[in-house]
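See structure below.
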Amino acid sequence: MPKYNPNPTKLEKARRAAKISRRKLCELSGMSYNTLQSCELRRRNINRAAVIDVVRVAEILNVPIRDILEDE
């Protein structure tokens, strides 16, 4: 059974709502698995990711960009 983050990022919430696995999102977006995982685990700030990656991820998840960026 997967362990769920009790305090998920906006990105993780959007990905789960879209019912897309990390691996699938990486395949579709071109973002590396390590980058995506680091963003979801708050080791890396999605707000500082490459714009093209953020745009692709938002499009795939069918959400506005603001719904995956973290509040600063």
Side-chain angles (χ1 to χ4, degrees):
M1 181 180 298
K3 294 181 183 179
Y4 292 107
N5 181 352
N7 187 22
T9 61
K10 288 179 167 184
L11 172 60
E12 185 175 358
K13 287 178 190 176
R15 180 182 57 76
R16 288 192 181 172
K19 295 185 168 122
I20 296 177
S21 70
R22 280 183 185 158
R23 289 225 184 271
K24 187 65 174 177
L25 183 55
C26 290
E27 288 173 17
L28 295 171
S29 70
M31 181 183 273
S32 78
Y33 185 87
N34 287 337
T35 298
L36 179 62
Q37 182 180 42
S38 292
C39 289
E40 287 191 356
L41 296 175
R42 291 191 173 88
R43 292 184 200 139
R44 174 181 254 168
N45 189 333
I46 185 80
N47 299 11
R48 292 181 182 86
V51 173
I52 191 68
D53 288 339
V54 174
V55 169
R56 277 191 204 127
V57 167
E59 287 175 349
I60 292 162
L61 297 177
N62 198 29
V63 296
I65 292 171
R66 71 177 173 271
D67 287 0
I68 62 172
L69 294 177
E70 289 300 306
D71 301 325
E72 300 252 2

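These numbers come from a predicted model, not from an experiment.
- Note that CD of Gln37 and CE of Met31 are 12.5 Å apart. Values are rounded to the nearest 0.5 Å.
- A single hydrophobic cluster is seen to contain both Leu28 and Ile68, as judged by linkage of ILVMFWY side chains at heavy-atom distances under 4.5 Å, directly or through other members.
- Using a distance-only test at 3.5 Å, with no hydrogens or angles considered, no donor-acceptor pair links the side chain of Arg44 to the main chain of Ser38.
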Full working for salt bridge (charged side-chain N to carboxylate O under 4.0 Å, His left out) between Arg23 and Glu27:
CA-CA 6 Å; Arg23 289 225 184 271; Glu27 288 173 17; over 6 Å; no

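- Looking only at side-chain heavy atoms (C-beta outward), Asp67 and Leu11 stay at 4.5 Å or farther from each other.
- Cluster membership for Ile65 and Val63, using ILVMFWY side-chain heavy atoms within less than 4.5 angstrom, is shared.
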What pairs of donor and acceptor atoms, side-chain ones from residues 45-57 against any protein atom, are under 3.5 angstrom apart with sequence neighbours left out?
{"residue": "Asn45", "atom": "OD1", "partner": "Asn47", "partner atom": "N", "Å": "2.8"}
{"residue": "Asn47", "atom": "OD1", "partner": "Glu70", "partner atom": "N", "Å": "2.9"}
{"residue": "Asn47", "atom": "ND2", "partner": "Glu70", "partner atom": "O", "Å": "2.8"}
{"residue": "Asn47", "atom": "ND2", "partner": "Glu72", "partner atom": "OE2", "Å": "2.8"}
{"residue": "Arg56", "atom": "NH1", "partner": "Ser29", "partner atom": "O", "Å": "3.2"}

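- With hydrogens and angles left out, the side-chain atoms of Arg42 and Thr9 include no donor and acceptor closer than 3.5 Å.
- With sequence neighbours excluded, no residue satisfies salt bridge (Lys or Arg N to Asp or Glu O under 4.0 Å) with Glu59.
- By the salt bridge (Lys or Arg N to Asp or Glu O under 4.0 Å) test, Arg22 is found to be paired with Glu40, residues two or more places apart in sequence or in another chain being considered.
- Put simply, the side chain of Lys10 does not reach to within 4.5 Å of the side chain of Leu69, judged on heavy atoms.
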